[in-house]
Amino acid sequence: FAVSADGNISVTAALDQAAYVFMVIAYDTPGSVAEQRTSRPVNVEINVVLANENTPVLSLSPRARFTEETVVGTSFLPLVASDADSGTNGQLVYALEGTSLFSISPLTGVITVAARLDVDDDESESSIMASVFVTDLGSPPRSVSKP
């Protein structure tokens, strides 16, 4: 950091930590040679708000096969997502849209069967499409989705 003659503090290098504390000593300018110069120390604390620079990465598109006998509450397919940011900016929340047959844990990304699965008698298979969203808790939040 640098302090200008008028007291403005500026950044002179890349910031690599969340908080800085340092002392600035301010001196007055005497009006005449006979006056004594005085000073006053001031502690300065600067808190750095980390930028939310990275978008979460979801490493796979979830796909799974089930039978009609699959029990409600069966968990499967924990999603694997990551965010290169640290702190709150790197904390992730999961969401699932497009179906009520499955639910997702917002904290772990584990998908669970939420309702009885039923295939019509004239169909041998049925497909269910849904979208998975992963959002970080940064400000502003960043998100990624996959069908």
Practice item. May I have the step-by-step check of side-chain contact (heavy atoms from CB on, under 4.5 Å) for Phe102 and Val132, ending in yes or no? Key: CA-CA 11 Å; Phe102 300 96; Val132 175; over 6 Å; no

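- Shown here for Tyr20 and Leu15, the closest heavy-atom pair between the two residues is OH-CA, 3.4 Å.
- Members clustered with Leu137: Val93, by chain and number, using a 4.5 Å side-chain heavy-atom cutoff among hydrophobic residues.
- The ring of Phe133 has its center no closer than 6.0 angstrom to the ring center of Tyr94.
- When hydrophobic clusters are built by joining Ile, Leu, Val, Met, Phe, Trp and Tyr residues whose side-chain heavy atoms come closer than 4.5 Å, directly or via intermediates, Val72 is not grouped with Phe66.
- The hydrophobic cluster containing Val110, built from Ile/Leu/Val/Met/Phe/Trp/Tyr side-chain heavy atoms closer than 4.5 Å, comprises no other residue.
- For the residue pair Asp136 / Asn52, a side-chain donor-acceptor distance below 3.5 Å is found, with atom types taken as modelled.
- Residue pairs satisfying the salt bridge (Lys or Arg N to Asp or Glu O under 4.0 Å) criterion with at least one member in residues 88-116, sequence neighbours excluded, are listed as follows: Arg116-Asp118.
- The closest donor-acceptor contact from the side chain of Thr112 to the backbone of Ala114 lies at 3.5 Å or more, if one exists at all.
- One N or O on the side chain of Asn89 and one on the backbone of Leu50 form a donor-acceptor pair closer than 3.5 Å.
- Contacts of Ser4 classified as side-chain hydrogen bond (donor to acceptor under 3.5 Å, both in side chains), with partners at least two apart in sequence or in another chain: Asp6.
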Exercise for review: Please step through side-chain contact (heavy atoms from CB on, under 4.5 Å) for the pair Leu107 and Leu92, ending with a clear verdict.
Suggested key: CA-CA 7 Å; Leu107 300 178; Leu92 301 175; over 6 Å; no

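- Once rounded to the nearest 0.5 Å, the distance linking CD1 of Ile104 with OG1 of Thr99 reads 12.0 Å.
- Under the 4.5 Å side-chain heavy-atom criterion for grouping Ile, Leu, Val, Met, Phe, Trp and Tyr, Leu58 is not connected to Val80 through any hydrophobic cluster.
- Hydrophobic cluster membership for Met23: Ile25, Tyr27 (Ile, Leu, Val, Met, Phe, Trp, Tyr linked by side-chain heavy atoms under 4.5 Å, directly or transitively).
- Here the side chain of Lys146 pairs no donor or acceptor atom with the backbone of Ser131 at under 3.5 angstrom.
- The shortest non-hydrogen separation linking Asp85 to Ala51 is OD1-O, 3.9 Å.
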Practice item. Could you check Ile46 against Phe22 for side-chain contact (heavy atoms from CB on, under 4.5 Å), going step by step and ending with a plain yes or no? Key: CA-CA 9 Å; Ile46 296 177; Phe22 55 92; 3.8 Å; yes

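- Considering Val3, Val24, Val21 in turn, Val24 is the only one that fulfils the side chain to side chain contact (heavy atoms under 4.5 Å, CB included) rule with Val44.
- With sequence neighbours excluded, no residue forms a side-chain hydrogen bond (donor to acceptor under 3.5 Å, both in side chains) with Ser10.
- When atom types are taken as modelled, the side chain of Asn54 and the backbone of Asp83 share no donor-acceptor pair closer than 3.5 angstrom.
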Check your understanding: Yes or no on side-chain contact (heavy atoms from CB on, under 4.5 Å) for Val144 and Val57, after CA distance, side-chain angles and deciding distance?
Key -> CA-CA 7 Å; Val144 64; Val57 175; over 6 Å; no

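- Heavy atoms only, all atoms of each residue included: Arg142 and Thr55 are closest at NH1-OG1, 3.2 Å.
- To the nearest 0.5 Å, atom CG of residue Leu79 and atom OG of residue Ser105 are 10.0 Å apart.
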